[in-house]
Every structure is written in C-alpha cells, then in structure tokens.
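The structure displayed is predicted, hence computed values, not measured ones. Chain identifiers are assigned alphabetically (A, B, ...) following the order of the sequence lines, protein sequences preceding nucleic acid strands; residue numbering begins at 1 within each chain.
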There are 2 protein chains.
Amino acid sequence: MNDHERESGFTRGDLAIATGCNIETIRYYEKAGLLPDPPRTGAGYRIYSAAHARRLRFILRARELGFPMEDIRGLLGLGDGTSPTCAEVKERTERHLADIRAKIADLQRMEAVLATTASHCSGAEVPECPVLDALSGSSEP
Amino acid sequence: MNDHERESGFTRGDLAIATGCNIETIRYYEKAGLLPDPPRTGAGYRIYSAAHARRLRFILRARELGFPMEDIRGLLGLGDGTSPTCAEVKERTERHLADIRAKIADLQRMEAVLATTASHCSGAEVPECPVLDALSGSSEP
DNA sequence: TGTAAGGTCTGTAGCAACTACAGGCTCAAG
DNA sequence: CTTGAGCCTGTAGTTGCTACAGACCTTACA
C-alpha cells in the first residue's frame, strides 16, 4: 500500500481500534449489508473513511441498545433505500421497547423463582436439595 | 412395532405430547447428552419410560428458568457421574441468579434510554428523528 | 391383501450475531 | 532482505433449538 492509495483512509484494524469493534465483526457487518463495501487498494485492502466510522458507531450504539440487525437495517433506510421518517423510527423503537420489557418481565419471573428456591438451600454437603426438588416437580403432582 | 415391543413405553411423539416438548428437541437433548439414549424396537424406534418423561420435565423446567444446558448437565450429575450436593446446586443456582440479575440490569438500562429517546419523537412523517440523532452520537462529541 | 396416511428414522441446514481460526498475501521497519 | 505484523478469503464454531428431505415402518381401512 503506498501513500497515494491510503491517503486519509483507515484500514480495517484502524477502524476496529477507533470504534472499539471487533475486527472480524466489521467484515461481518459488511457481508450482512449494514456497512457499505469500502473501496480497496490495489492489493485488495479495505479503505475506510470517516463516514464508514460514523456508520459503524451508529450500528454499534443501536446494537448496545439491543436493536436486532433487521431493525438497524430499517433505521439506516436500507430496506427501501429511503431514510425512514420519524414516525417509522418511533414505531420500531416502541416495538423494540415492548420486546425489552417482555424480556425483563421474563427474567424477573425467573429471578423470583430462583431466589426463593435457592434461599431454602441449606448449602450443606448433602445430596438432598430443595432446588432439585423444585425442578423435579414434586411441587406439581 | 408389536405389542410385546412397545409394552408400557412411549414413542417419541407420545413423549412430546406428554411433556409439551417439541419432538425434535427430544432428539436434540439426547444428542446433547441430557436425555439418556432410550432402548429401541427392532425397527429402531425409541421407547421411552416414565423415568425419561420425568427427566425431560426436569430439563424443561430448568430451561424455563434460564439455566444453560451446561448447568443442567451439572444439576443432573452428568459431569462426574455423581449427583451434586446441595451446596453445589446452590452455588450454580446463585451464579445463574447473578447472570439473570445482570441481564435484567442491562435491559433496564436499554429500556431507560429507549423510553426517554422515543418520548422525544414527534411521530411525524418527517425524516428528522431524535432517536436517530441519539444513535448518530450527536450527543457525544 | 393392498394401500394410503401417518409416524418415525437419519442427517443436515438454518436462525441470531458474532468470533476465531487456517493458509496465503502484503506491507513496513531494521 | 528478512522478519513480524497486518490484512485477505473462506469456513467452522458458539447456544438452543427448529425444520426440513428422503427413507423406512406401522396402522387403519377396504
């Protein structure tokens, strides 16, 4: 790679460091269509711009908030090629919010069961255990 | 399958219906070593007993509570062949509980961010959107 | 007895969302 | 000029299933 080829561009490693993203994940997002195919040097090395970095940071933030990739595609306007309206984004966000709340409720139900069951444990070095009994369904005949 | 062969046994389909488990999942648990290999008829059909049904119900309950399969293996004493002591079960349960609580905390953080962000949405048919702005990092320079 | 419908058998591929190699180039520094 | 680091590709593994395809077996009914 010479100076002309790489002027003002990131390599994949640079981009990974700049964004904190795993280097392989970048390639994965490209294949998944979230990140546009970057130009290449003569030797085939990817050259990323600041725009790519912005896009990747957007994706990473959305993923941190738990948006599935399909949703991110929508937020990026990759479905129909037009960027989504505020209404569309809001709808997607609220559906996602509902999913998250459902997951929280699920986990809280699990938590409640496990916390009560575990609290009955003697913690002794014996094979009898109230947790196993609960799982074995002795409570439901 | 004749009367002699199937006396007092479930087929895989029977077991699926009796436990509410997907029929393919039963085969999966067998391959994963959670469910013991059942005896077979001359034609190769699996024959399950009430003990298999109890074991499967145990597994399904543990999965509902979010225990990963590795943990279930431990709870079933499939690691070293001896059934675990109450202390071991308690430890595993509490580690799992901690995982669940961490997941809840994660999701609650997501929920908070999404709820506030979405509440700023006009819901209008315009391309400007505070959710997208937040994801684009305009808030973090 | 024949046959059609349903069950079961195996292996394999797919889902999400990555992550981690192997084997081969290429690039930069000493 | 060599050495080590970085990049390239494709592919396989992760977790916990689910869903086929194509072959075989069983059961019910005529």
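With sequence neighbours excluded, no residue forms a side chain to side chain donor-acceptor pair (under 3.5 Å) with Arg54(A). For Arg92(B), the salt bridge (Lys or Arg N to Asp or Glu O under 4.0 Å) test picks out Asp71(B), with sequence neighbours left out. In terms of the side chain to side chain donor-acceptor pair (under 3.5 Å) criterion, Asn22(B) has no residue partners (sequence neighbours excluded). For Arg55(B), there are no salt bridge (Lys or Arg N to Asp or Glu O under 4.0 Å) partners two or more places apart in sequence or in a different chain.
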Show me the side-chain donor-acceptor pairs of residues 105-113 of chain A shorter than 3.5 Å, one per line, residues at least two apart or across chains.
{"residue": "Asp106(A)", "atom": "OD1", "partner": "Arg109(A)", "partner atom": "NH1", "Å": "3.4"}
{"residue": "Asp106(A)", "atom": "OD1", "partner": "Arg109(A)", "partner atom": "NH2", "Å": "2.9"}
{"residue": "Glu111(A)", "atom": "OE2", "partner": "Arg101(B)", "partner atom": "NE", "Å": "2.7"}
{"residue": "Glu111(A)", "atom": "OE2", "partner": "Arg101(B)", "partner atom": "NH2", "Å": "3.3"}

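For residues 16-41 of chain A, no pair satisfies ring-ring contact (aromatic ring centres under 6.0 Å, His included), with sequence neighbours left out. A salt bridge (Lys or Arg N to Asp or Glu O under 4.0 Å) check over residues 15-28 of chain B, counting only residues at least two apart or in different chains, returns the pairs Glu24(B)-Arg27(B). Sorted by first then second residue, the ring-ring contact (aromatic ring centres under 6.0 Å, His included) pairs that include residues 62-103 of chain A, not counting sequence neighbours, are Phe67(A)-His96(A).
Taking five base pairs at each end of the helix from dT1(C)-dA30(D) to dG30(C)-dC1(D), the local helix axes there meet at an angle of 20°, rounded to 10°.
Heavy-atom distances under 4.0 Å link DNA chain D to Pro68(B), Met69(B) of residues 64-76 of chain B, given in residue order.
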Give every pair of a protein N or O atom and an N or O atom of nucleotides 1-6 of chain D that lie under 3.5 Å apart, one pair per line with the distance.
{"residue": "dG6(D)", "atom": "N2", "partner": "Tyr45(A)", "partner atom": "OH", "Å": "2.7"}

Give me, pair by pair, the N or O atoms of the protein and of nucleotides 11-13 of chain C that are less than 3.5 Å apart, along with how far apart they are.
{"residue": "dG11(C)", "atom": "N7", "partner": "Arg27(B)", "partner atom": "NH1", "Å": "3.2"}
{"residue": "dG11(C)", "atom": "O6", "partner": "Arg27(B)", "partner atom": "NH2", "Å": "2.4"}

